[in-house]
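Working notes for the structure below.
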Amino acid sequence: MDSLAIQKSFTKFLFFLLLLTFLYSSKASSSSAQEAAALLKWKSSFQNKNNPLFTSWILLRSLNGTNSSSPCNWFGISCFNGSVKAINLTNSGIYGTLFYFPFSYLPNLEYLDLAENNLFGHLPPQVSNLTKLTDLHLYINQLFGPLPKELGYMKNLRNLLLDTNQFNGFIPNSLGNLTYLTSLTLYRNNLSGLIPPELGNLKFLVRLTLSYNPFSGTIPNSIGNLTNLNFLSLYNNTLSGSIPKELGNLKRLVSLDLAKNQLVGSVPESLGSMTNLTYLALQYNKLSGSIPLSLGNMQSLGYLNLLDNEFSGLVPSSLNNLTNLWFFQISGNHFIGHLPENLCESEKLQYFNVFSNRLTGKFPLKNCSSLIRVRLQDNNLTGNISEIFGVYPNLEYLELSNNSFYGELSSKWSKCKNLTTLLIANNNITGPIPPEFGDSIQLQILNLSSNQLIGEIPKEFGKLSSLLKLDLGGNKISGGIPQDFGLLTRLTYLDLSSNLLNGSMPANLSECHQLFHLNLRNNLLGRKIPVQMAKLINLNQLDLSHNSFTGEIPPELRSLKVLELLDLSHNKLFGFIPKSLEQMSASMKIDLSFNNLEGSVPRNGPFVNISFEQLQGNKGLCGSIQGLQPCPSPYSRGKQGKKKGKKLAIIIVLPLLGALGLFFALFGLLILYEHRKKNSKAEEHVEVLKEGNLFAICTFDGKEMYKKILEATEEFSPSFCIGEGGHGKVYKAEISPDNIIAVKTINSSSEMADHNGFLNEIRALTTIKHKNIVKLLGFCSSTQHSFLLYEYLEGGSLAKILSIEEEAKRLDWLKRVNIIKGIASALAYMHHDCSPPIVHRDISSNNILLDSDYEARVSDFGTAKLLKMDSSNQTAVTGTYGYIAPELAYTMKVTEKCDVYSFGVLILEVIKGKHPRDYITNLVSRTTESIELVDLFDERLLYPTPEVENVLISMMEVARACLNANFVSRPTMQIVSNSLTTGAQIQQCLGTEGLIILEGEEDPLRDRQEELEA
């Protein structure tokens, strides 16, 4: 072949190659344009279409009008050969559904990550059109409905992560077809039914987490076929039956969590063959029998938790082989005998909890310097307490209560420099309290009650500046209460009851402003009750009974507004019962029996339901209580001469009263005439609204008040503005030094400018009267201005206070608890006591005002809607972003449950000190014991005491119920308010999905195993 022919052939080849390239490029360009258009259609369905992260998602047009844009340069998109291969939009703020997602237009998609967004709605079965998909990540969203069986058709899937949603129904058996699957996470959903045995076909599976679902039935034996499994978590379901012995085949298993189910029977010996296991959690079941000796073979085991089962027998010495053990808990069982002696031989043991068993013998870990937290209470352990315990440099918590320890307290406890909690109640400890205890300045809780301690309380206790709770009750301590106790400004709980204390009650105890519980019962204290006790405004329990206090009851005690118990019985008090005590809470229990009191018993406040038993032993008391003598009437002592005097007085007074009444009537007519004359001239400036009963609430002269408000605010100068809402600004108007009001102007652009909208707020406020709802004093309307007149609350808005560090610090835990209760009470009143019910629709921290005593008042009813039971209640979405119930975004239907959701957000905000943001999703999707509490508490405040901590945890449980994405499942505000104010069981608020505050010990570093895996 000559060179010319070769050249022609080569030219033809090049032409053919260019043609193929053009055709492929044209096809790829067309495919890319299709993918781009399909993705944009999905984006257009977002409810937050202006999400700034998606500004790159746009189509460009070429000169000939065709689409020339490729999605390959868009945020979160990766391509191969011009076609979308991966989409990673984790935590991108997407608020929408998967209904319009282009499952059929992305043929080459291999990786799809839409986790940690606000996706709601169903997972469409069309997901199976993504035939090349290997990774599907949809965790931490709000998806609901059943899992489509079509997921089982996606044979290339390696990772299927659907946890932390609201999926319900059964796990499709078809998932057993995903033979290449390595990770399957379905935890924190509402899936139910049986765990399909077909999951045993997933032989490449490394991670299987099905926790936090109501799965029932038994654990399938086929799970034992998953020989590549590293992590298995079935925590917090309702699984029954026994633990399959086939689980012993899982030789590669690192973590096994079967806790919080209803498993029965014994632990199989075969589990001892899982020698790689580092984490074994079996707590909160009904397992019985003894601990298998084979568990001693798990030499990698670091975490062993058998809490709250029905185990019995001895604790086997084979556990001494667990040289990596750092967490050991066998509490809440029926173990007997002595504890193994060498559990801490490797010096790794940190958490040792064996409480609530029948253990005997001595504490075996005297030299275990690695210990952080030890709980031995409620056993029969014995030994000299000063000999069997050492010095532990890392120890933070030690509880020895309800055992048989004896001996004297040693000064070496003060050398445990990290010890914050020491509880040795109800033992046989003797001798004095060492003064060296005063050197433990880090100590927060000290309970030495119910022992045989003698001597005086060391004055060195005044140095315990971190002390929150001190309980020395039930001993034989003598002497006086140290004056230095007034230095314990963080103290919330003080119990010195049932001792031999004498002298007077120190007045400087009033400096302990945080004191919540004060019990000095059954001592030898005397003299007067210090009036300074009235400064303890956070006091909830005050028991001074069975002492020798004398003098009168201080009327200043009326300041103790949150007091629930006042016991002054069995003293030597005399005089009258102060009438000022009627100002105290009506629910307070008061006991004044066996004193020397006299006079009539007050009738209001805590005396409304007082019984004779609470007043007996006071010979001089009288009143209408059954058992007391009736008080003598002042008229019954009069004689006949006085009766005649009364008749004469009547004859003289009646004509005078008649003349005086005629004078005032004439004077009133004159004033009314002048008033009408004046108002007739002002009608061109002021319109006084007279619809219905509205005129009755306008307690001001319209024109005069209008003029004074303009003068007081310098015609609404910005310098007098104290707030701004969605419908106008709020101004402070000082009409006179004793008359300060808040004036809310109405924007012309607002819906409140509408006559009906303006009247809507007035109607709402005039029909409700509640101590936690802001009072409407009046209103003015003119051609220039329209505004509402409210009581002025000097505390300002809750949002403002929480945003200022120093102000927020003054808002301590008890004040915050009271604020939450007050808001709940107000909303319950609006929803259940008003007819028709009132929905606020904009509950947020900006619309909660506080008075000078930090009492909460719900304000700003500009968006309030009066519900009629026969209406559809359709409305536009309104409210403050971050507080709006999710259903409003797509149903537009307003119900009381919208306020319930907003209230749930507000609870978390008050506790955390700022808007909870992502913690809302976390709290809704998991139980409170799996969240680090320190992350939910306001770090600007001192960590709450155990009692207050329990209250806050309960409130967070209520918040979780209120934030349920399914509004039907949210509790009513009436249930919420009752739970918060009466201490009722939170279970009624949460229904069958209620949370349990664990009495046992959860690993504080654990945060649930599936998070550790991730």
Side-chain angles (χ1 to χ4, degrees), residues 457 470 472-473 477-489 491-585 588-602 605-607 610 613-621:
I457 301 173
L470 176 61
L472 303 178
I477 299 171
S478 57
I481 301 174
Q483 292 289 331
D484 289 345
F485 268 27
L487 302 175
L488 307 180
T489 56
L491 199 63
T492 64
Y493 186 104
L494 178 59
D495 191 335
L496 305 177
S497 62
S498 300
N499 278 287
L500 303 173
L501 296 171
N502 53 45
S504 60
M505 183 177 176
N508 64 356
L509 266 182
S510 62
E511 299 303 315
C512 303
H513 297 300
Q514 305 299 320
L515 208 57
F516 179 81
H517 179 105
L518 177 57
N519 189 352
L520 304 179
R521 174 187 177 91
N522 198 20
N523 277 285
L524 304 174
L525 297 169
R527 302 182 188 174
K528 292 184 178 182
I529 298 172
V531 296
Q532 291 88 344
M533 291 300 104
K535 294 181 181 180
L536 300 176
I537 58 174
N538 293 309
L539 208 57
N540 184 264
Q541 307 273 330
L542 177 58
D543 192 343
L544 305 180
S545 63
H546 293 270
N547 278 284
S548 298
F549 287 112
T550 185
E552 298 183 343
I553 299 173
E556 291 83 0
L557 295 181
R558 67 178 181 275
S559 301
L560 306 180
K561 299 296 185 183
V562 298
L563 201 64
E564 293 183 1
L565 170 67
L566 176 61
D567 194 343
L568 304 178
S569 63
H570 294 273
N571 279 288
K572 299 177 181 178
L573 300 170
F574 57 78
F576 297 98
I577 300 174
K579 191 170 178 58
S580 62
L581 298 190
E582 290 184 319
Q583 301 173 25
M584 304 178 80
S585 172
M588 182 183 75
K589 180 181 177 182
I590 184 169
D591 193 340
L592 305 176
S593 60
F594 297 100
N595 280 284
N596 298 313
L597 300 172
E598 60 180 309
S600 62
V601 177
F607 301 96
I610 198 167
E613 287 72 22
Q614 295 163 272
L615 297 169
Q616 64 181 323
N618 291 281
K619 295 182 179 179
L621 287 179

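Side-chain atoms are counted along with the backbone in the values below, which use heavy atoms only and exclude waters and symmetry mates.
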What heavy-atom pair brings [X] and [Y] nearest, and what distance separates the two atoms?
| X | Y | answer |
| --- | --- | --- |
| A534 | I537 | O-CG2, 3.9 Å |
| S580 | P555 | OG-O, 3.0 Å |
| V562 | L539 | CG2-O, 3.3 Å |
| Q483 | N508 | O-ND2, 2.6 Å |
| F485 | C512 | O-SG, 3.3 Å |
| P602 | K579 | CG-CA, 4.4 Å |

Any side-chain heavy atom of [X] within less than 4.5 Å of one from [Y]?
| X | Y | answer |
| --- | --- | --- |
| L581 | L557 | yes |
| F549 | R527 | no |
| K561 | Q583 | yes |
| M533 | E556 | no |

Expected output: side-chain [X] to main-chain [Y] donor-acceptor under 3.5 Å:
| X | Y | result |
| --- | --- | --- |
| N540 | L563 | no |
| N538 | H513 | yes |
| N502 | L525 | no |
| Q614 | I590 | yes |
| N523 | N499 | yes |

To the closest 0.5 Å, what do you measure between [atom1] ([X]) and [atom2] ([Y])?
| X | Y | atom1 | atom2 | value |
| --- | --- | --- | --- | --- |
| E552 | L597 | CD | CG | 9.5 Å |
| D591 | L544 | CG | CG | 12.0 Å |
| M505 | Q532 | CE | CD | 10.0 Å |
| T550 | N596 | OG1 | CG | 8.0 Å |
| I529 | N571 | CD1 | CG | 6.5 Å |
| L496 | L470 | CG | CG | 6.0 Å |

As a quick check of understanding, evaluate side chain to side chain contact (heavy atoms under 4.5 Å, CB included) for M588 and L566, giving each step before the final call. CA-CA 7 Å; M588 182 183 75; L566 176 61; 4.1 Å; yes

Worked check of side chain to side chain contact (heavy atoms under 4.5 Å, CB included) between E564 and K589: CA-CA 6 Å; E564 293 183 1; K589 180 181 177 182; over 6 Å; no

Please walk me through it: do L592 and I553 pass side chain to side chain contact (heavy atoms under 4.5 Å, CB included)? CA-CA 10 Å; L592 305 176; I553 299 173; 4.0 Å; yes

With side chain to side chain contact (heavy atoms under 4.5 Å, CB included) as the criterion, how do I481 and L520 come out once you've worked through the C-alpha distance, each side chain's angles and the decisive distance to 0.1 Å? CA-CA 10 Å; I481 301 174; L520 304 179; 4.1 Å; yes

Identified side chain to side chain donor-acceptor pair (under 3.5 Å) partner of R521 from the options S545, S569, S498: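 So, applying the side chain to side chain donor-acceptor pair (under 3.5 Å) to R521 and each of S545, S569, S498, only S545 qualifies.
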
